[in-house]
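To keep things clear, I will list the structure first and then write my remarks on it.
All chains are named by letter (A, B, ...) in the order of the sequence lines, taking the proteins before the strands, and each is independently numbered beginning at 1.
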Protein chains: 4
Amino acid sequence: MSDKRERILSAAETLIARCGFQGMSMHLVAQHAGVATGTIYRYFADKETLLRCVHEERMQEIGNRVTRGLDPGASCYDQFRTLWLNTIHCLLDSPDCLLYRVQYEASPLFSKEEDQELHDRYFKPVFEFFEQGLEEGLFRELPAEVLCGMTLENLLLLTQKHTKGRIDLHEGLYESLIDANWNAILKR
Amino acid sequence: MSDKRERILSAAETLIARCGFQGMSMHLVAQHAGVATGTIYRYFADKETLLRCVHEERMQEIGNRVTRGLDPGASCYDQFRTLWLNTIHCLLDSPDCLLYRVQYEASPLFSKEEDQELHDRYFKPVFEFFEQGLEEGLFRELPAEVLCGMTLENLLLLTQKHTKGRIDLHEGLYESLIDANWNAILKR
Amino acid sequence: MSDKRERILSAAETLIARCGFQGMSMHLVAQHAGVATGTIYRYFADKETLLRCVHEERMQEIGNRVTRGLDPGASCYDQFRTLWLNTIHCLLDSPDCLLYRVQYEASPLFSKEEDQELHDRYFKPVFEFFEQGLEEGLFRELPAEVLCGMTLENLLLLTQKHTKGRIDLHEGLYESLIDANWNAILKR
Amino acid sequence: MSDKRERILSAAETLIARCGFQGMSMHLVAQHAGVATGTIYRYFADKETLLRCVHEERMQEIGNRVTRGLDPGASCYDQFRTLWLNTIHCLLDSPDCLLYRVQYEASPLFSKEEDQELHDRYFKPVFEFFEQGLEEGLFRELPAEVLCGMTLENLLLLTQKHTKGRIDLHEGLYESLIDANWNAILKR
DNA sequence: GATGAATGAGCTTTCATTCAT
DNA sequence: TATGAATGAAAGCTCATTCAT
């Protein structure tokens with residue numbers, strides 16, 4: 001039953017976040033998942049493959065959460081709010097995912113091509129939103145990737161600071177932050 | 001002679017950048033530094049300590065580069081431009097440093113307290129700048145850490161995208177980016 | 001149905017020849033035989049037993065081929081020719097079999113007693129031939145095993161050299177080789 | 001001190017002979033040699049390299065023993081006797097070496113080219129002897145490799161039978177065996 | 001101080017064998 | 001009977017660390 005596959009993936013994610021990429025030993029993953037070491041290899045060819053699968057699964061999940069409820073017919077600003085709030089909720093809910101992603105992308109496993117493909121697959125609606133705003137002449141003439149980086153991925157840094165305890169990201173700040181990010185990309 | 005200490009630190013730095021956090025073995029460091037394996041342990045208690053020292057060195061260097069030429073007497077906007085340009089140059093010059101930092105901060109070595117201390121020590125002028133702007137009522141009423149995150153650390157993401165080849169960060173974009181970041185934090 | 005037993009034995013044989021003694025995994029055998037892993041254990045107690053059975057099958061087959069067409073009523077020299085030609089044809093036809101046997105006999109599986117028994121069972125006519133020649137006073141007074149070793153098993157070495165490409169064993173050499181081997185054992 | 005290298009090689013050889021090629025684990029080798037597992041890897045890159053080194057060392061040793069005291073000025077028959085006696089003594093003295101060699105040559109490690117090179121290096125005088133006999137018109141017109149196989153390597157089989165307890169190779173048989181082998185290759 | 005050979009715990013991975021279905 | 005997912009001992013190998021020189 002694929003229940004085991006899930007448990008292995010989940011155990012791997014947790015351990016990477018907790019012990020770092022190096023600290024994630026297959027033995028530990030097996031223990032946390034409640035299976036024998038050999039069992040992991042029934043589901044994943046090797047450690048690298050397991051790591052890649054964790055990555056892809058998480059990317060998909062994040063993509064889904066960030067674009068949830070996005071209505072292409074709504075006003076540009078409303079769509080922006082939806083994306084922004086989805087993003088911050090997603091990031092605050094699963095801080096492990098941050099630690100994991102950052103390590104994955106810094107590791108030798110990571111390849112530009114694969115990354116591009118995953119983004120295209122799971123974050124397409126996000127980029128389409130920014131492209132649309134550009135076409136309407138609403139946003140600064142900067143690549144959609146840049147606009148996205150300055151307003152949404154940006155939140156990765158803030159939530160990391162929050163997790164580290166250096167800032168306190170409470171709801172009271174959201175409106176000001178949304179406004180700040182919106183003003184950053186608005187054409188003047 | 002502390003010449004050896006320097007060579008060890010430098011070798012470690014190079015190896016982390018080249019082979020990743022995991023690829024940096026003490027044996028390799030010794031070889032690159034031209035010393036015996038055991039010699040490293042005269043200068044650093046263990047691998048963890050060596051890694052921490054490399055980290056601190058890097059933080060100091062980056063702090064220096066980012067605040068270089070910052071004139072507290074200049075106009076707020078001019079100071080902002082200086083910080084912004086210093087930051088982007090620093091990040092584009094040493095993309096390895098990004099990969100390194102990200103791995104370090106995600107690793108179990110990293111502690112909030114130590115991190116706070118390093119920031120206080122090496123990035124004080126940066127935070128003082130934002131504090132000053134806040135006092136003058138020029139910036140949005142958000143924590144200095146947040147303002148800094150949205151405008152300078154923000155560039156970490158953009159340069160990472162640049163390195164990955166997903167955007168092209170040429171000088172032609174700088175003015176628009178500075179303007180975007182400046183507008184983000186300006187009180188309205 | 002014992003059809004499965006046959007398929008398992010055959011798969012094992014093929015795999016040993018192709019991948020070597022070490023490369024033969026039970027899983028692979030099962031796959032090649034088109035049965036489940038566990039099924040093998042219905043027919044053979046364990047890997048060792050399977051290996052022993054493959055060995056015995058091979059010995060029997062070789063025994064059959066070597067003694068094929070041997071006529072106890074024919075002249076001693078004619079019988080010798082028959083054995084010699086059968087042997088070289090058998091060895092050249094299945095060079096894998098050599099590699100297999102050599103590995104088997106060198107392995108801890110191999111026991112003197114078992115080996116003796118197999119020889120008695122499958123190569124009896126060969127030894128009887130040499131015994132008969134001895135009784136007739138035709139051959140040197142050496143143990144039949146020695147006579148056989150010097151003239152027939154001997155060919156194992158030559159065919160191995162042939163397989164390794166160090167000599168070229170073409171039919172043109174056969175008469176001279178038969179003559180050489182015959183002269184070796186002839187009493188003078 | 002290279003004392004350890006010797007101990008490791010020797011332990012490996014013994015274990016291969018005793019437990020078979022597969023039974024020789026690096027852990028066991030380390031134990032028998034009285035060193036730590038990691039120590040083996042200071043002297044040999046990996047298991048394969050260790051195995052190759054054992055092979056080469058033994059080939060050299062056997063080459064030396066077989067050609068010991070060979071006098072190119074002596075009569076052809078005397079030289080033959082020297083080679084023959086050297087060979088049988090060498091083979092009977094170190095039966096491990098047989099088990100080892102046979103397994104090595106049957107393994108995937110073995111390459112024709114490497115084998116050829118080792119033979120050229122360590123058994124040159126043996127082949128030169130047979131070549132000389134051929135030039136003098138003394139021997140049958142068969143490749144030197146074949147003549148050597150029929151008379152000397154041939155003894156490998158006999159000593160194996162001896163070790164297995166199927167024949168008893170005592171000195172009383174030597175003269176008859178030498179004569180048999182000599183007659184086999186002599187031109188008539 | 002400096003060396004680097006030696007250590008051995010710990011890593012990833014394989015595979016003969018079992019057993020619930 | 002037959003299955004094949006699951007097991008876990010054991011394999012080859014690495015590397016942070018020590019210590020006799």
| remark: Among the nucleotides E:dA16, F:dG4, F:dA2, whichever has the atom closest to the side chain of C:A36 is F:dG4
| request: Take C:M24 and A:K47, find for each the nucleotide of DNA chain E with the closest heavy atom, and name the residue whose nucleotide sits nearer the 5' end. | output: A:K47
| task | Counting Watson-Crick and G-U wobble pairs only, both distances under 3.5 Å, name the nucleotide matched with E:dT18, or none. | result | F:dA5
| query | Between atom CE in C:M26 and atom P in E:dC15, what is the gap in whole Å? | reply | 13 Å
| field | Distance in angstrom units between B:Q31 CD and E:dT3 C1', rounded | value | 14 Å
| field | Residue met sooner reading DNA chain F from 5', once B:E48 and A:V35 are mapped to nucleotides | value | A:V35
| request: Look at B:Y41 and F:dC19 and indicate whether a side-chain polar atom (N or O) is within less than 4.0 Å of OP1 or OP2. | output: no
| message | So if I apply the side-chain hydrogen bond (donor to acceptor under 3.5 Å, both in side chains) rule between B:R121 and each of B:Q116, B:Q60, B:E56, which one comes out positive? | response | B:E56
| task | Find the partner of F:dT14: check Watson-Crick (N1-N3 plus N6-O4 or O6-N4) and G-U wobble (N1-O2, O6-N3) distances, both under 3.5 Å, and reply none if neither fits. | result | E:dA9
| request: Map A:T39 and D:T37 onto DNA chain F by nearest heavy atom, then report which one ends up closer to the 5' terminus. | output: A:T39
| said: If you compare every side-chain N and O of B:K4 against the phosphate oxygens of E:dA2 (OP1, OP2), does one of them come in below 4.0 Å? | reply: yes
| field | A:L9 vs A:F44, side-chain contact (heavy atoms from CB on, under 4.5 Å): CA-CA, chis, key distance, verdict | value | CA-CA 10 Å; A:L9 277 170; A:F44 305 95; 3.8 Å; yes
